[in-house]
Every structure is written in structure tokens, then in C-alpha cells.
Amino acid sequence: MLLIVLLFGISSVHAIGDVKLTHGVDESAGGGLSYIISSASATYFLDKEGGGLSSMLDKDGVDWLGFHNQKGSGWKGEYRGFPNAVHKQDGNFFHAMNATTEPSTSVVNVASSDHVQIVFTSANGKWQGQWDFYPDRCDFTMVKVSDGYKYWVLYEGVPGGSMDETDFWYASVNDQKHLINESLQGDFTGPEWIAFGDAKSSRMLYVLNQQDDDAPDEYVSRPYMTVLGFGRSNKDKFLTEPKTFSIGFVESTEYSDVRRVVTDLLQ
């Protein structure tokens with residue numbers, strides 16, 4: 001069954017137009033305070049305390065993340081989100097708040113009709129992540145890395161609202177359609193991207209590493225969610241430098257269309 005997220009408690013509009021910033025809570029995720037960014041292509045719930053996305057809704061209101069903060073829910077909720085970047089590496093940051101996430105502080109730098117920028121700084125001051133929301137996508141940039149530590153960037157979510165055998169993925173490694181339970185190991189072909197779809201949906205969600213690198217990448221399925229990791233292999237982390245990653249929807253399920261969107265983004 002598709003998961004439809006309801007918006008409650010929205011107030012304090014900061015911008016109008018193609019990109020709009022409001023403040024409220026993500027009821028579907030357990031009621032955490034959120035920045036709510038509405039764009040022409042998606043609606044994002046960005047956890048104000050954790051600094052990670054808890055929900056990402058498509059044009060039909062379907063959530064492709066499905067985070068919930070219930071302790072012990074594991075793959076069914078508390079592990080999900082984006083970018084889930086800092087885990088047991090000088091803290092636990094940039095994840096929607098669950099039992100182990102540590103808090104960050106945030107500041108809104110830009111709130112215009114075509115761009116919203118929000119920067120989070122970890123409580124220990126060692127990490128900083130920058131969010132940039134545009135009409136067609138969202139970018140996450142790790143702008144400050146704790147000295148001597150590593151991170152990864154994950155999409156842990158539910159294509160089309162739930163994880164099932166009709167889900168599939170494309171990636172930069174080849175032009176083939178792969179079933180959701182097929183894994184992918186090794187450094188992705190540049191430009192590095194992967195996109196997830198559902199047979200019942202007319203769109204796909206893509207995740208793009210904007211800077212090709214030599215770090216290992218990995219996709220593995222879990223019973224209730226995807227685990228896509230840039231800079232990840234066998235639960236080890238490999239990213240050490242500031243990098244930018246994009247996440248967004250493509251209104252097509254054709255490989256050629258997805259590839260065109262992600263490659264045009266880099267022009």
C-alpha cells in the first residue's frame with residue numbers, strides 16, 4: 001500500500017514561487033520539527049534537529065523515504081532517510097532524529113523563490129552539511145569533515161512508497177533494468193548515479209554523486225528498504241573530502257531519460 005504523508009502544523013512562509021520554505025512537523029515520521037521545502041517536483045521534510053531528510057514526497061504525495069523514529073523499528077522506519085552520512089565516526093549526524101542520532105544546529109542562508117539553502121553544524125562542531133533545494137532537485141554537500149574521520153552518503157528508502165518485488169533500479173554501470181533485490185558492488189561508472197523505480201509509478205528517484213571518485217560504492221536490498229551507499233563497502237566508510245550529492249525525481253521510467261536528466265545536471 002502506498003504511504004501518503006499528511007502535512008500538519010505548517011506555518012511561517014519564507015518564500016513563494018517554485019521553491020517554498022515553511023516550518024512544521026513530519027507527522028508520518030513521529031512528529032519531529034521540520035523544515036518543509038515544497039518545490040515544483042517534490043516536497044522535502046528536513047529534520048530540524050537531526051539535519052537529515054525524514055520524508056521526500058513526489059507530485060502524488062507518495063513518500064519515497066518512509067522514516068519513522070520509533071526505537072526498534074529498524075529497516076521498517078528508524079534506519080531510513082537521506083543522507084545518513086555520519087555514523088559512529090566522531091558522532092552520529094545528518095540523519096533524521098532517532099534513538100542514536102546526535103543533534104545539530106541550523107541556519108537558513110537563502111530563502112528565495114528558486115533556491116533554499118540551509119546549513120547544519122554538528123553539536124561537536126566537527127562536521128557541517130549544506131542543503132540546497134531547487135525546483136528540480138535537492139543537493140547535499142558535506143562542506144566540513146571531522147579531521148581523521150570518514151563518512152558515506154546513503155539513500156535508505158522505499159521506492160514508490162513501499163519495498164516490494166515490483167521495484168527496480170538503473171545505474172551508470174550499464175543500461176539494464178535490475179530487480180530491486182539485485183546487489184551492486186564496486187566504484188560506480190562515472191558520472192556515478194543510481195535510480196530507483198516501482199512498476200506502479202510513472203517516475204523514478206535518482207541519487208547522484210556530482211564528483212566522480214575512486215571510492216567504493218554499494219547497493220544492497222533489505223526486506224523493507226533500499227541501502228544505497230556512495231563511499232560504502234561492507235559497512236565501511238570511505239569518503240574523506242567535501243563532496244556534493246543530488247537527489248530528485250525523474251518523470252519517466254526509461255533509462256535514457258534518467259541518464260539525460262542526471263548528466264544534464266552536471267553541465
Side chains of [X] and [Y]: do they bring a donor and an acceptor to under 3.5 Å?
X      : Y      : answer
Ser246 : Gln210 : yes
Gln211 : Asp213 : no
Ser106 : Tyr35  : yes
Glu218 : Ser233 : no
Ser54  : Asp47  : no

Quick check: is [Y] connected to [X] through a chain of hydrophobic side chains (ILVMFWY, heavy atoms under 4.5 Å apart)?
X      : Y      : result
Val62  : Leu53  : yes
Phe245 : Val116 : yes
Ile118 : Val86  : yes
Val262 : Leu228 : no
Leu154 : Phe140 : no

**Q.** Residue pair Asp136, Ser41: steps toward the side chain to side chain donor-acceptor pair (under 3.5 Å) verdict
**A.** CA-CA 6 Å; Asp136 63 334; Ser41 60; over 6 Å; no
[atom1] of [X] to [atom2] of [Y]: how many Å apart, nearest 0.5 Å?
X      : Y      : atom1 : atom2 : answer
His95  : Arg80  : NE2   : CZ    : 11.0 Å
Asn92  : Ser104 : CG    : OG    : 10.5 Å
Ser38  : Leu21  : OG    : CG    : 9.0 Å
Thr100 : Lys88  : OG1   : NZ    : 8.0 Å

For [Y], is there any backbone N or O sitting under 3.5 Å from a side-chain donor or acceptor partner on [X]?
X      : Y      : result
Gln89  : Lys150 : yes
Tyr151 : Glu241 : yes
Thr101 : Ala96  : yes
Thr141 : Thr244 : no
Ser122 : Lys126 : yes
Asn234 : Asp236 : no
Thr263 : Arg260 : yes

Q) Can Phe82 and Phe94 be said to form a ring pair (Phe, Tyr, Trp, His ring centres under 6.0 Å), step by step? A) CA-CA 8 Å; Phe82 176 86; Phe94 310 125; over 10 Å; no
Are any of the side-chain heavy atoms of [X] and [Y] separated by less than 4.5 Å?
X      : Y      : answer
Ser34  : Val25  : no
Leu65  : Val158 : no
Tyr44  : Ser39  : yes
Val207 : Leu205 : yes
Ile194 : Tyr206 : no
Ile37  : Thr43  : no
Phe120 : Trp127 : no
Glu192 : Phe230 : yes

Q) Within 45° of the axis and under 6.0 Å from the centre of the six-membered ring of Trp152, does NZ or CZ of Lys237 qualify? A) yes
Heavy-atom closest pair, residues [X] and [Y]:
X      : Y      : answer
Val227 : Arg222 : CG2-CG, 3.6 Å
Val143 : Pro242 : O-CG, 3.8 Å
Pro103 : Phe93  : O-CE2, 3.5 Å

Q: Run the numbers on Ser55 and Asp63 for side chain to side chain donor-acceptor pair (under 3.5 Å), then give the verdict.
A: CA-CA 6 Å; Ser55 297; Asp63 181 14; 3.3 Å; yes
Q: Could you please spell out the steps behind the salt bridge (Lys or Arg N to Asp or Glu O under 4.0 Å) verdict for Lys200 and Asp164?
A: CA-CA 11 Å; Lys200 299 181 292 294; Asp164 59 55; 3.4 Å; yes
List for me each residue that meets side chain to side chain contact (heavy atoms under 4.5 Å, CB included) alongside [X], sequence neighbours excluded, and say none if there are none.
X      : answer
Ser252 : Val250, Glu254, Asp257
Asn109 : Val107, Gln117, Val119
Thr226 : Tyr155, Pro159, Met163, Ile180, Phe196, Tyr219
Lys235 : Arg232

Q | Worked check of ring pair (Phe, Tyr, Trp, His ring centres under 6.0 Å) between Tyr134 and His115 | A | CA-CA 5 Å; Tyr134 303 100; His115 180 203; 4.7 Å; yes
So does [X] have more than 12 non-hydrogen atoms from other groups sitting under 6.0 Å from [atom1]?
X      : atom1 : answer
Asn174 : CG    : yes
Arg203 : CZ    : yes
Asp264 : CG    : yes

Q. Between Asp212 and Lys243, does at least one N-O distance fall below 4.0 Å, as a salt bridge requires?
A.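 A salt bridge is absent here (no side-chain N lies under 4.0 Å from a carboxylate O).
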Check residues 181-189 and write down every donor-acceptor pair under 3.5 Å in which the side-chain atom is one partner and the other belongs to a residue at least two apart or another chain.
| unit_1 | atom_1 | unit_2 | atom_2 | d |
| --- | --- | --- | --- | --- |
| Glu182 | OE1 | His178 | ND1 | 3.1 |
| Glu182 | OE2 | Leu179 | N | 2.9 |

Q.
Check for me whether the distance between the ring centres of Trp64 and Phe249 falls short of 6.0 Å.
A. yes
Q) According to the interplanar angle, ranging from 0 to 90°, do the rings of Tyr170 and Phe168 count as parallel (below 30°), tilted (30 to 60°) or perpendicular (above 60°)? A) perpendicular
Q: Using the six-membered ring wherever Trp is involved, compare the ring planes of Trp193 and Tyr255 and label them parallel, tilted or perpendicular (cut-offs 30° and 60°).
A: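 Ring orientation of Trp193 relative to Tyr255: tilted.
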Q) What do the steps show when you test Val108 against Trp131 for side chain to side chain contact (heavy atoms under 4.5 Å, CB included), and what is the final call? A) CA-CA 10 Å; Val108 178; Trp131 292 91; over 6 Å; no
Enumerate, atom names and distances included, each donor-acceptor pair closer than 3.5 Å involving a side-chain atom of residues 71-78, sequence neighbours excluded.
| unit_1 | atom_1 | unit_2 | atom_2 | d |
| --- | --- | --- | --- | --- |
| Ser73 | OG | Gln70 | O | 2.7 |
| Ser73 | OG | Glu78 | N | 2.9 |
| Glu78 | OE1 | Gly72 | N | 3.4 |
| Glu78 | OE2 | Gly72 | N | 3.0 |
| Glu78 | OE2 | Ser73 | N | 3.3 |
| Glu78 | OE2 | Gly74 | N | 3.0 |

